There are 2 protein chains.
Amino acid sequence: MPRPLRTRSPDTAARILDVAERLVQRRGFNAVSYADVAKELKVTTASLHYHFPGKAELGRALMERYAERFCAALEEIERTHAEAPGRLRAYSTLYLRVLEQDRFCLCGMLAAEYQTLPEDMRQAVIRFLDDNETWLTRVLDEGRREGSLRFTGSAADVARAVISSLEGAMLVARPYGDTSRFEATADQLVASLTSGHPEPA
Amino acid sequence: MPRPLRTRSPDTAARILDVAERLVQRRGFNAVSYADVAKELKVTTASLHYHFPGKAELGRALMERYAERFCAALEEIERTHAEAPGRLRAYSTLYLRVLEQDRFCLCGMLAAEYQTLPEDMRQAVIRFLDDNETWLTRVLDEGRREGSLRFTGSAADVARAVISSLEGAMLVARPYGDTSRFEATADQLVASLTSGHPEPA
DNA sequence: GTCTATAGGCAGATAGAC
DNA sequence: GTCTATCTGCCTATAGAC
């Protein structure tokens, strides 16, 4: 049963993160100010500093929540897709959904800005990439053992190539404002790993 | 025969662009200020404004020179490499050289920051990507006709996938400070297009 | 061409009232 | 928790001397 309504909104910190996340994914961390976020939420920057003492803390929270949600999405994919090729397609669809919202992957954006980031955020970027690589490596390995995927070399190397390819495809698609550019590359990528196995519609 | 030494340095504008280019490729356009560039050159920001009235003009000049040099490098590749596979490898090496200098592709960096860029710079980013795609498409098409390359689908789609893959591999390699991460992905990419043809050492 | 000096604005951040 | 008010510093940019 839901709790009775409270005086304050359900979770102000979460709403701050929502706005900040969207802005950072579109413009980059360095191009987003407390004032930008505060303006959209119709509060003052002082109020933001109450919830997140500094931009470094805000950024860290941003990346942590993003990674948590992404990991949850990966688990969801494993529940809903039994086969490796389906899991790969679902994985690339996660990226597509972000692009469709006119956003770039938060991790990709922060990777570009990496050299200007505080240490906490840097570690969060690395962790996100490592988690993705670990998950993909497992999917690729299982797919190869089952015979549903085909590739040469180590699964970890291919996992890195998949991440690179999808991040790069997003990066390049955005200036054109054309999601089909991303889809074409993603489809090629999945097809190259499932050669010999027909793609479902 | 070289002209006699002049009172002023060979080309101040070029030296400004050199410093700005390096800083932007490392930190991003939004994270580089006139003061940063001026400090390295030991001049004042006012002097910078003499050569480039505003940051937008500086950015445009930056991207234009970068594209010119890149196109020149592509022509050089065609002169020095007769076969498509060699041209592809040389192309990926262009990216590697940038990464080795602890930089990201200027175009990739600006693609990430695209939504915050002035119109002139946006057009320059698109032009750069289009030029790369055109060149790669030609190389891929010729390679397939000669039989030295193998891939399915349109050469233009594969060209886009190659660009995405290399840009993404650079993006992801930088947080790790590990050029071998890039090389592994680039090698996989070239190998996947030259299957059936042994790689030279 | 480069300087000093400065304008005007926005950045991140804090103190203290309510 | 959110506000007003304010601080300090950096940003892009310009005027005018040299």
Side-chain angles (χ1 to χ4, degrees), chain A residues 3-21 23-24 26-63 109-110 113 115-122, chain B residues 3-21 23-24 26-63 109-110 113 115-122:
Chain A
R3 296 200 195 87
L5 289 172
R6 306 190 200 153
T7 308
R8 62 175 156 120
S9 39
D11 198 354
T12 308
R15 283 170 49 230
I16 293 169
L17 289 176
D18 288 343
V19 172
E21 185 181 72
L23 291 177
V24 171
R26 288 190 182 157
R27 302 203 230 142
F29 187 69
N30 290 322
V32 172
S33 70
Y34 266 53
D36 294 327
V37 178
K39 193 178 179 183
E40 276 208 39
L41 289 169
K42 286 170 188 162
V43 294
T44 60
T45 60
S47 179
L48 259 55
H49 278 283
Y50 170 80
H51 295 279
F52 302 97
K55 217 185 164 187
E57 286 82 3
L58 174 60
R60 194 178 122 284
L62 224 41
M63 195 61 220
M109 186 63 88
L110 297 184
E113 299 178 293
Q115 300 226 7
T116 70
L117 299 182
E119 186 54 30
D120 276 2
M121 293 185 69
R122 292 187 180 195
Chain B
R3 296 197 195 90
L5 288 172
R6 305 188 198 155
T7 308
R8 61 177 156 120
S9 39
D11 197 353
T12 308
R15 284 171 46 229
I16 293 170
L17 289 176
D18 288 342
V19 172
E21 185 181 72
L23 291 177
V24 172
R26 288 192 182 155
R27 302 202 228 143
F29 187 71
N30 290 322
V32 173
S33 70
Y34 266 51
D36 294 327
V37 178
K39 193 179 179 184
E40 276 207 40
L41 288 169
K42 286 171 188 160
V43 294
T44 61
T45 60
S47 179
L48 260 55
H49 278 283
Y50 170 79
H51 294 279
F52 302 96
K55 216 185 164 186
E57 286 82 3
L58 174 61
R60 192 179 123 285
L62 224 41
M63 195 61 219
M109 186 64 88
L110 297 184
E113 299 179 293
Q115 301 225 5
T116 70
L117 299 181
E119 186 54 30
D120 275 1
M121 293 184 69
R122 291 187 182 197

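As the structure is a prediction and not an experimental result, all values here were calculated from the model. Letters A, B, ... mirror the listed sequences (proteins, then strands); counts begin at 1. Below, all heavy atoms of this structure are taken into account, side chains as well, without hydrogens, waters or symmetry copies.
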Participant: Could you measure the distance from the CG atom of A/N30 to the NZ atom of A/K55? Nearest 0.5 Å is fine.
Facilitator: 5.5 Å
Participant: Which whole-number value in Å describes the distance from B/Y50 OH to C/dG1 P?
Facilitator: 5 Å
Participant: Atom CD in B/E119, atom CE in B/M121: separation rounded to 0.5 Å?
Facilitator: 11.5 Å
Participant: Give, for atom CG of B/L117 and atom CZ of B/R122, the distance between the pair rounded to the nearest 0.5 Å.
Facilitator: 6.5 Å
Participant: Taking ring-ring contact (aromatic ring centres under 6.0 Å, His included) as the cut-off, I'd like each qualifying pair that reaches into residues 38-59 of chain A, sequence neighbours left out, listed once.
Facilitator: A/Y34-A/H49
Participant: Could you check how far CG of B/N30 sits from C1' of C/dA11, rounded to whole Å?
Facilitator: 13 Å
Participant: How would nucleotides 4-18 of chain D be written as a contact map, 5' to 3', with B for base contact, S for sugar-phosphate-only contact and - for no contact, using protein heavy atoms under 4.0 Å?
Facilitator: B------SSBBB---
Participant: Got B/L17 and B/L58 here, is their nearest side-chain heavy-atom distance under 4.5 Å?
Facilitator: yes
